[in-house]
Amino acid sequence: MKVYLNGEFVEKEDAKVSVFDHGFLYGDGVFEGIRLYSGNIFKLEEHLIRLEQSAKALLLDMPVTRDEMRELVCESCRVNGLTDGYIRLIVTRGVGSLGLSPKGCGPSGLVIIADTIELFPKRFYEEGLKIVTVPTRRLGAASLPPMVKSLNYLNNILAKIEAQASGHLEALMLNDQGYVAECSGDNVFIIQGDTLVTPHTASGSLRGITRDAVLEIAEKSGMKVEKKNLTRYDIWVSDECFVSGTAAEIVPVVEVDARVIGDGRPGPKTLKLLEKYKEQVSGDGTRI
Ligand code: PMP
């Protein structure tokens, strides 16, 4: 496998970055995870825009233009002969001194890895996931805005560790006000009657690209769609629940904090959305 690293494609074994890169020292950088389906990159433009916006929020210089980035992403898939997989795009602050200051760092580092991913084992897409609310709260917009997809994922990693400690694969995270924010690596939705509900981004979640795609699919198929504050109670008593993300896609949730959701099996409306999502990803996208 070849990895794009600061201007060239190198073998995976040689894809090494400096220990003085502030991406390594401080998590100072941004990233994206993008999916490739049958030679089409799903929502590439949306991911490139979010990457640029995350970088802007951190006053981080983009190392290449949008056009160059698009071409490099496609080229990364082509050189690896990849038609289905997952692309990780990473921009770091670059090499600097041991101090925290980004001044003097640079140029920004750029890594593109085109590989495959399996976030949750296949059986959970059929059986559904059991998740749990964890003590660690999602960072607020006044701290490290959750809208920024930064390399600093410690907030989410703590949540993941707490979920795993109780035998769960995914963590439900609340914000400082106690409302539902998102899961450690995906957005959360409930279905109540014919209405699809997800926390608005101000609740403290990443504006997931899969989330937007799911909302659009739901609206088109005649469901009502709402973005609002959700409590744990709303989730516990929902008819259906699922999580969404680029890597996860759509995973039904059948238990939250030991409360069984619906009849304990993936909900019919969730499965319908998953089917439509699969249809969309196989048809849409940027040809590599
Ligand atoms: N929230 C978090 C914290 C994430 O890491 C991800 C995965 N990128 C998501 C939500 C889902 O976002 P997307 O659908 O854009 O992958």
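Atoms within a ligand are numbered from 1 in the order they appear, just like the ligands themselves.
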Residue among Val256, Ile191, Ile190, Ile131 satisfying side chain to side chain contact (heavy atoms under 4.5 Å, CB included) with Ile261: Val256
Ignoring hydrogens and geometry, is there a side-chain-to-backbone donor-acceptor pair from Glu46 to Ile209 under 3.5 Å? no
If we ignore angles and hydrogens, is there a donor and acceptor under 3.5 Å between the side chains of Ser18 and Asp21? no
To which protein heavy atom is atom 1 (N) of ligand 1 closest, and what is the distance rounded to 0.1 Å? Glu182 OE1, 2.6 Å
Taking the inter-plane angle between the rings of Phe242 and Phe189 on a 0 to 90° scale, is it parallel (under 30°), tilted (30 to 60°) or perpendicular (over 60°)? parallel
Has Glu170 got a side-chain atom pairing as donor or acceptor with Ser184's backbone, closer than 3.5 angstrom? yes
Those atoms of ligand 1 less than 4.0 Å from some heavy atom in Gly208: 12 (O), 13 (P), 14 (O), 15 (O)
Relative to the heavy atoms of Gly245, which atoms of ligand 1 are at a distance of less than 4.0 Å? 11 (C), 14 (O), 16 (O)
Identity and separation of the nearest protein heavy atom to atom 7 (C) of ligand 1: Gly185 O, 3.4 Å
Close N or O approach (Arg50, ligand 1; < 3.5 Å): yes
Contact check: Thr210 vs ligand 1, nitrogen or oxygen atoms, below 3.5 angstrom: yes
Presence of salt bridge, Glu52 and Lys56, under 4.0 angstrom: no
Which residue owns the protein heavy atom closest to atom 5 (O) of ligand 1, what's the atom, and how far is it? Tyr153 OH, 2.5 Å
Does a salt bridge link Arg78 with Glu75, judged by any charged N lying under 4.0 Å from a carboxylate O? yes
Are any of the N/O atoms in Ser184 less than 3.5 Å from those in ligand 1? no
I need the atoms of ligand 1 closer than 4.0 Å to a non-hydrogen atom of Thr246, numbered in the order shown. 13 (P), 14 (O), 15 (O), 16 (O)
May I ask whether Lys149 places a heavy atom under 4.0 Å from ligand 1? yes
Please list, in number order, the atoms of ligand 1 under 4.0 Å from a heavy atom of Asn156. 3 (C)
State plainly whether one hydrophobic cluster holds both Trp236 and Val254, where clusters connect Ile, Leu, Val, Met, Phe, Trp and Tyr through side-chain heavy atoms under 4.5 angstrom apart. no
